[in-house]
Amino acid sequence: METLHISLPAPLSVFVEERVRADGYADVNEYFRALVLADQRRKAQEKLEVLLVEGLNSGPAEPLTKADLEEVKRTVRERLAAKGK
């Protein structure tokens with residue numbers, strides 16, 4: 001695990017300490033980890049929303065053919081084989 005050192009002005013430091021106590025975090029490190037994880041989830045959600053909109057705007061759905069399914073299976077097998085190496 002890497003260590004980061006963060007400098008905060010006194011008012012922000014007081015705010016952080018208050019949040020740690022009020023929200024039941026074990027310490028400041030746990031509070032900041034929770035903030036970073038929440039930000040990661042938010043960014044992932046934003047990306048998912050963009051992809052969903054792209055999908056909706058990509059035109060009408062087309063039926064999945066047997067050839068399409070075989071292509072998906074082939075791709076999955078190739079990726080699994082590559083991970084195994």
Next on the checklist: Assess the residue pair V20 and V16 against the criterion (side-chain contact (heavy atoms from CB on, under 4.5 Å)); give the C-alpha distance rounded to whole Å, side-chain angles, the decisive distance to 0.1 Å, and a yes or no.
Outcome noted: CA-CA 6 Å; V20 168; V16 168; 4.3 Å; yes
Can you list everything that forms a salt bridge (charged side-chain N to carboxylate O under 4.0 Å, His left out) with [X]? Sequence neighbours excluded, please.
X   : result
R77 : none
R21 : none
K47 : none

Checklist entry - Do the side chains of R41 and L37 get nearer than 4.5 Å, heavy atoms only? => result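 Sidechains of R41 and L37: in contact.
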Item to check | Residues R74, E70; criterion salt bridge (charged side-chain N to carboxylate O under 4.0 Å, His left out); working and verdict | outcome: CA-CA 6 Å; R74 185 188 62 74; E70 291 304 318; over 6 Å; no
Checklist entry - Does any pair with a residue in residues 41-67 pass ring-ring contact (aromatic ring centres under 6.0 Å, His included), and if so which ones, sequence neighbours excluded? => result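 Listed by first then second residue: nothing to list.
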Next on the checklist: I need the full list of ring-ring contact (aromatic ring centres under 6.0 Å, His included) pairs touching residues 36-79, with sequence neighbours left out, sorted by first then second residue.
Outcome noted: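 Qualifying pairs: none.
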Checklist entry - Among all residues two or more places apart in sequence or in another chain, which pass the side chain to side chain donor-acceptor pair (under 3.5 Å) test with D23? => result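 Residues passing side chain to side chain donor-acceptor pair (under 3.5 Å) with D23: R19.
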Checklist entry - Listed by chain and number, what are the side chain to side chain donor-acceptor pair (under 3.5 Å) partners of D39, not counting sequence neighbours? => result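 D39 satisfies side chain to side chain donor-acceptor pair (under 3.5 Å) with R42 once adjacent residues are dropped.
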Answer with yes or no whether the hydrophobic clustering places [X] together with [Y]; edges join I, L, V, M, F, W, Y residues whose side-chain heavy atoms lie under 4.5 Å apart.
X   : Y   : value
L35 : L8  : yes
L12 : Y25 : yes
V14 : V28 : no
Y31 : L4  : no

Next on the checklist: Give me each pair satisfying salt bridge (Lys or Arg N to Asp or Glu O under 4.0 Å) with a member in residues 59-68, each pair once, sequence neighbours excluded.
Outcome noted: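 For residues 59-68, and leaving out neighbouring residues, there are no salt bridge (Lys or Arg N to Asp or Glu O under 4.0 Å) pairs at all.
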Next on the checklist: Taking transitive links into account, so neighbours of neighbours count too, which hydrophobic residues share a cluster with L48 at under 4.5 Å side-chain distance?
Outcome noted: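 Joined to L48, directly or through intermediates: L52.
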Checklist entry - Hey, what else clusters with M1 if you join Ile, Leu, Val, Met, Phe, Trp, Tyr whenever side-chain heavy atoms sit under 4.5 Å? => result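 Via sub-4.5 Å side-chain contacts, M1 links to none.
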Item to check | Summary of side chain to side chain donor-acceptor pair (under 3.5 Å) pairs that have at least one residue in residues 4-15, sequence neighbours excluded | outcome: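 Sorted pair list comes back empty.
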Item to check | Any residue meeting ring pair (Phe, Tyr, Trp, His ring centres under 6.0 Å) with F32, in chain and number order, not counting sequence neighbours | outcome: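 If we apply the ring pair (Phe, Tyr, Trp, His ring centres under 6.0 Å) test to F32, skipping adjacent residues, there are no hits.
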Item to check | Rounded distance (nearest 0.5 Å) linking atom OG1 of T75 with atom CG of L80 | outcome: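 With rounding to 0.5 Å, OG1 (T75) is 11.0 Å from CG (L80).
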Next on the checklist: Once rounded to the nearest 0.5 Å, what's the spacing between atom CD1 of I6 and atom CG of N29?
Outcome noted: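 Interatomic distance, I6 CD1 to N29 CG, rounded to 0.5 Å: 8.5 Å.
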Item to check | Heavy-atom donor-acceptor pair, E71 side chain to A67 backbone, under 3.5 Å | outcome: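 Side chain of E71 to backbone of A67, a donor-acceptor pair under 3.5 Å: no, none is there.
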Item to check | salt bridge (charged side-chain N to carboxylate O under 4.0 Å, His left out) assessment of K43 paired with E46 | outcome: CA-CA 5 Å; K43 294 302 283 181; E46 287 175 4; 3.4 Å; yes
